[in-house]
S.K.: 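One structure coming up, written as structure tokens, with questions to follow.
Positions are given from 1 along the sequence.
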Amino acid sequence: MDIAEEQRMLEEKVGKALEEARTKLEMALDSLSKGGADSEKRVWLAEEASEYSSLLYSLTYGLEDEDPPVPVRKRNAESIPLVKESAESLKLATELRGKLPLEGYRHLRNAVYKLRQAHYILEKAGMKKR
């Protein structure tokens with residue numbers, strides 16, 4: 001397998017991973033908006049899918065040494081706005097991946113961080129209910 005073919009294969013896998021992450025994120029947002037009991041799990045699944053696509057993205061575009069800055073943590077943040085912001089960041093990452101891979105990667109890492117924060121908020125709220 002030559003380098004160009006390997007790169008094409010990696011880009012295809014990144015595309016599929018980003019699509020899966022978007023699908024899971026949409027399901028999480030839908031569950032949150034309906035107040036579903038499985039919202040925490042769906043956000044976690046979206047977080048994991050985004051994290052996986054981030055790994056593939058960094059390997060595909062040679063960004064392993066990049067460490068984008070972490071967004072400022074919002075006090076009293078709520079999970080639904082965080083998940084919505086993640087969806088927007090994931091969309092931007094998908095759009096920018098062919099043109100500006102580093103900028104796209106920053107948006108992708110931002111999406112992962114916000115999903116992680118939303119999951120933490122939901123997990124914490126679930127513990128208080130018990």
Side-chain angles (χ1 to χ4, degrees):
M1 179 180 313
D2 67 344
I3 294 172
E5 188 177 331
E6 185 177 327
Q7 183 68 23
R8 187 180 46 75
M9 184 182 73
L10 283 171
E11 287 177 2
E12 187 177 305
K13 286 185 179 197
V14 169
K16 288 178 183 178
L18 286 169
E19 186 60 39
E20 180 180 347
R22 271 176 66 179
T23 300
K24 289 183 178 181
L25 211 157
E26 288 170 5
M27 290 170 56
L29 198 52
D30 186 51
S31 180
L32 278 169
S33 66
K34 292 178 181 175
D38 63 343
S39 296
E40 178 188 341
K41 182 179 179 181
R42 293 211 184 262
V43 169
W44 179 79
L45 289 170
E47 175 192 342
E48 289 298 309
S50 297
E51 187 73 67
Y52 175 71
S53 63
S54 173
L55 170 69
L56 282 177
Y57 196 106
S58 71
L59 292 172
T60 301
Y61 299 107
L63 302 170
E64 298 91 351
D65 294 331
E66 284 298 321
D67 193 16
V70 176
V72 176
R73 188 175 197 147
K74 298 176 184 175
R75 289 182 180 239
N76 303 323
E78 294 181 22
S79 55
I80 293 176
L82 285 169
V83 174
K84 286 181 180 179
E85 290 171 17
S86 297
E88 185 60 34
S89 291
L90 189 61
K91 179 182 173 191
L92 286 170
T94 303
E95 291 171 359
L96 292 172
R97 94 181 157 110
K99 303 169 198 149
L100 301 166
L102 180 57
E103 190 65 28
Y105 183 64
R106 289 181 180 144
H107 285 289
L108 185 52
R109 292 306 306 160
N110 192 18
V112 170
Y113 175 79
K114 289 183 179 190
L115 283 169
R116 188 174 295 136
Q117 189 177 0
H119 177 248
Y120 175 75
I121 291 167
L122 290 168
E123 187 177 52
K124 196 172 175 182
M127 288 180 175
K128 286 182 181 178
K129 288 181 182 178
R130 293 179 193 162

S.K.: Work out which heavy atom in Ala28 is nearest to a heavy atom in Ala46; give both atom names and the distance.
M.R.: CB-CB, 4.4 Å
S.K.: Could you check whether any side-chain N or O of Ser39 sits under 3.5 Å from a backbone N or O of Ser31, counting only pairs where one atom can act as donor and the other as acceptor?
M.R.: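 Side chain of Ser39 to backbone of Ser31, a donor-acceptor pair under 3.5 Å: yes, one is there.
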S.K.: Just by modelled atom types, is the Lys41 backbone N or O under 3.5 Å from a matching donor or acceptor in the Asp38 side chain?
M.R.: no
S.K.: Mind running side-chain contact (heavy atoms from CB on, under 4.5 Å) on Asp30 and Met27 for me, showing each step along the way?
M.R.: CA-CA 5 Å; Asp30 186 51; Met27 290 170 56; 5.6 Å; no
S.K.: Is Val83 reachable from Trp44 through a run of hydrophobic residues whose side-chain heavy atoms are each under 4.5 Å from the next?
M.R.: no
S.K.: Enter the distance from Leu108:CG to Leu18:CG here, rounded to the nearest 0.5 Å.
M.R.: 6.0 Å
S.K.: Parallel, tilted or perpendicular for Tyr57 and Tyr105, by the 30°/60° rule?
M.R.: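 Tyr57 and Tyr105: parallel rings.
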S.K.: Check the hydrophobic clustering (I, L, V, M, F, W, Y; side-chain heavy atoms under 4.5 Å; chains of links allowed) and say if Leu92 and Val14 are grouped together.
M.R.: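 As far as the 4.5 Å side-chain criterion goes, Val14 and Leu92 are not connected within one cluster.
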S.K.: In Å and rounded to the nearest 0.5 Å, what is the NZ to CG distance from Lys114 to Leu25?
M.R.: 12.0 Å
S.K.: Is the backbone N or O of Glu11 less than 3.5 Å from a side-chain atom of Arg97, with the two atoms forming a donor-acceptor pair by type?
M.R.: yes
S.K.: Looking at every non-hydrogen atom in both residues, tell me the closest pair between Ala93 and Gly104 and how far apart they are.
M.R.: CB-O, 3.2 Å
S.K.: Evaluate Glu51 against Leu55 for side-chain contact (heavy atoms from CB on, under 4.5 Å), listing each step before the verdict.
M.R.: CA-CA 6 Å; Glu51 187 73 67; Leu55 170 69; over 6 Å; no
S.K.: Would you please test Gln7 and Thr60 for side-chain contact (heavy atoms from CB on, under 4.5 Å) and show each step?
M.R.: CA-CA 7 Å; Gln7 183 68 23; Thr60 301; 3.5 Å; yes
S.K.: Below 4.5 Å, heavy atoms only, C-beta onward: do Glu20 and Thr23 meet side chain to side chain?
M.R.: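 Side chain of Glu20 against side chain of Thr23, heavy atoms only: no contact under 4.5 Å found.
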S.K.: Can you tell me if Ser54 uses its side chain to pair, donor with acceptor, with the backbone of Ser50 under 3.5 Å?
M.R.: no
S.K.: Which distance, rounded to the nearest 0.5 Å, do you find between the CG of Leu29 and the NZ of Lys84?
M.R.: 6.5 Å
S.K.: Answer yes or no: are there more than 12 heavy-atom neighbours, outside Asp2 itself, under 6.0 Å from its atom CG?
M.R.: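 Yes, the 6.0 Å shell around CG holds more than 12 heavy atoms from other groups.
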S.K.: When rounded to the nearest 0.5 angstrom, what distance separates CG in Leu122 from CG in Leu32?
M.R.: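 Between atom CG of Leu122 and atom CG of Leu32 there are 5.5 Å.
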S.K.: Rounded to the nearest 0.5 Å, how far apart are NE2 of His107 and OG1 of Thr94?
M.R.: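 Going from the NE2 atom of His107 to the OG1 atom of Thr94 covers 11.0 Å.
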S.K.: Could you check whether any side-chain heavy atom of Glu47 comes within less than 4.5 Å of a side-chain heavy atom of Tyr113, counting everything from C-beta outward?
M.R.: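 They are not in side-chain contact.
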S.K.: Could you check whether Glu12 pairs with Lys16 (Lys NZ or Arg NE/NH1/NH2 to Asp/Glu carboxylate O, under 4.0 Å)?
M.R.: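 Yes, Glu12 and Lys16 are salt-bridged.
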S.K.: With clusters defined by side-chain heavy atoms of hydrophobic residues (ILVMFWY) lying less than 4.5 Å apart, directly or transitively, does Tyr52 cluster with Leu90?
M.R.: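 Linked within one cluster.
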S.K.: Decide yes or no for Glu78 and Ile121: does some side-chain heavy atom of the first lie under 4.5 Å from some side-chain heavy atom of the second?
M.R.: no
S.K.: Okay, side chain of Glu123, backbone of Glu40: is any donor-acceptor separation there less than 3.5 Å?
M.R.: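 No; judged by distance alone, with no hydrogens or angles, the pair does not exist.
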S.K.: Is the shortest side-chain N to carboxylate O distance from Glu19 to Lys24 below 4.0 Å?
M.R.: no
S.K.: Take Leu59 and Glu64, measure what side-chain contact (heavy atoms from CB on, under 4.5 Å) needs, and give me the verdict at the end.
M.R.: CA-CA 6 Å; Leu59 292 172; Glu64 298 91 351; 3.4 Å; yes
S.K.: According to a hydrophobic-cluster definition based on side-chain heavy atoms being under 4.5 Å apart (Ile, Leu, Val, Met, Phe, Trp, Tyr only), do Tyr61 and Val112 belong together?
M.R.: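 No.
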S.K.: Checking Ser86 side chain against Ala111 main chain: does a donor-acceptor pair fall under 3.5 Å?
M.R.: yes
S.K.: Drop me the distance from Arg116's CZ to Glu48's CD, to the nearest 0.5 angstrom.
M.R.: 8.0 Å
